[in-house]
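When a ligand or atom number is given, it counts from 1 through the structure's own listing order.
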Amino acid sequence: MPALAASAPTETHCPYCALQCGMALTAANGTNTVESSTGAGLVTVAPRDFPTNRGGLCQKGWTSASVLTAPGRLTRPLLRPHRAAPLRPVSWDVALGHVAHRLRQIQAAHGRDAIAVFGGGGLTNEKAYALGKFARVALGTSQVDYNGRFCMSSAAAAGIRAFGLDRGLPFPVTDLDGADAVVLVGANVAETMPPFTQHLRRAVDNGGLVVVDPRRTATAEQAALHLRPAPGTDLALALGMLHAAVADGHLDHAYITERTTGFDAAWRVAARWWPERAERVTGVAAADQRAAVRILAQAANAYVLTARGAEQHASGVDTASAWINLALALGLPGRVGSGFGCLTGQGNGQGGREHGQKADQLPGYRRIDDPEARAHVAAVWGVDPENLPGPGRSAYELLDSLGTDGGPRALLVFGSNPVVSAPRAGHVAERLAALDLLVVADVVLSETARAADVVLPVTQWAEEDGTLTNLEGRVLLRRRALDPPPGVRTDLDVLHGLAVRLGQPADRFPTDAETVFEELRRASAGGPADYSGVTWERLRAGEQLHWPVPSPGHPGTPRLFLDRFAHPDGRARFAAVDHRGPAEPPDAEYPLHATTGRVLQHYQSGAQTRRVAELVSAAPESFVEVHPDTAARAGLGDGELARVVSRRGSAVARVRHTPTIRQDTVFLPFHFGDDQRANLVTNPALDPTSRMPEFKVCAVRLEPLAGEPRRRRPSDPSEETA
Ligand code: SF4
């Protein structure tokens, strides 16, 4: 049982999403007592006044302390001596020694790139930094990427293309409080981050909230205008709305002239997308397109915000660009009180994409193919820049190549559960099974850990210190409130232990997070995401530091682009982008669009939230939202089990009759495991620029599932060991 390190409340942040709500953890005797396996109360969670949540928490945040005593919490390393054997507890020395020995063997036989590393957008900045360094220096492999490729890569690429820099929200969340109008594209914040909705109150009250979503979500319920495009047609809708902005006289000509380039080329495409043509493709009435543009254009303070609904497509970068084009045409970005932004999902989805766990990247949001960047970072790391590998495969391409000729033979996974979260998940599981060695560092025996040869039990959230960067680019200190259970180590300890066994100097991979951050500061200095002026001391003192913070006395940069955008000429760039449609349109065999997303109670692959009793009780199993007419055609009654079938596989889900969903579309949440995995059906078609898979649309059919109705429970890790 974890012991309390201190009885005073510890001010920290939620373990889940990028809103990073402020909370305080303290010894139990309040209302939110967490019961340990012995029945003793351990920790209470209390909301804390912090700008992003202002004292609010969602159900996941309120129950987050339960993860600290989750059933099946791993406390000993597990090792499977051969593939047919069960996982068995071993000492840390045996586990790390075995892993290092096998890594050396595999690299000796197959070369450095035979080892791959897969990280996560929930890892702290220090872990993400150390993981990228470990891959490039200790392993010398180019094969490192992370699950943030599945979240933010299209938004990031579009932001860099338009503005020269990617920071999800280039303004504080609280700026949205003054918004008279907000267009939310593919975001269901009322479920994914409920405290965020308080920042939309003025827009809602003014009749200025427009939601673009194929589903009638809880967020759409609050909107003055709900646009329901067919999945995969957001880009056509944005083109129709840009056309309407021009035709109806809403362009900000002075802004376009003074602060942007490329409008004429973008307009040459949009000129062909009069709203009536966009209506035929998207299903959104031309009058509603014009009304949405009018709401934006007539507001004194207006924002366009995108999220995964717009971005998780094989044309995700161009789709995000099309919405940026609309915002630029109306003169919104780079002004106080207006703007464009994308809503980051994972807890450290922002910082996790800045410090080097991405295949093409070095710390500070530097490019790994930039000679100056390589020289700078190599000097910080004390290595020859010539020895740093180049860019590697993107996340899905990496997973797809595992165990193939020329692909990696071993994979180390930190903070990710790709057996559930990767597209075409059945195929990904097969690739993992083809490896010579799979090592997973995790808190619980996730679906991916279950498949591992070695499982390393690591600390979580409230058991360790570290920094994260929230959705507005603010660097936060998440503090240790508890001692970890005996036998558990930090990810930094694991990387240190492996690095030393692989022949690295002991001081090259520190285990103290603040020491790692001090190195990160130097590595990021001068880069686009410059953290050199951020110190833990400043964070402890409560300073609000949004990057870039290029010197110790710098106050941070809450609002970017007010004077100039980050391109050399200081101007934002329109992109001439056109609609392409889904990579896999419906046909006679697979007549429906399937789209995926989150529900209130669960987070990402569900590895944590599926172990919290209150959340499991509220959302125990997967479901599929289907229009009653569509369900009737498939012979499916409300509450029956269905099989959702695509060309790649099928997922089991309980039918939920939903009269508000489009008749051509079904919705699946992606948090559930085993045969309920939504990603058994998703399409790994990749965006050509971001390499983002097309999670948000694929072609499926529905089939009744024979057999008795059943309820699902989280897997019991004890079944996996002997
Ligand atoms: S909105 Fe996000 S950060 Fe806030 S409590 Fe919920 S999951 Fe945690």
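Ring centroids of H355 and Y365 are separated by 6.0 Å or more, keeping the two rings apart. In this structure, F561 has its ring center at least 6.0 angstrom away from the ring center of F171. Aromatic ring centres of H602 and F672 lie closer together than 6.0 Å.
To the nearest 0.5 Å, atom CE of residue M23 and atom CG of residue L57 are 5.0 Å apart.
With sequence neighbours left out, A651 forms a side-chain contact (heavy atoms from CB on, under 4.5 Å) with V681.
Across all non-hydrogen atoms, the minimal contact from R478 to G122 is NH2-O, 4.3 Å.
Shown are the protein N/O/S atoms under 2.8 Å from atom 4 (Fe) of ligand 1, given by residue and atom: C21 SG.
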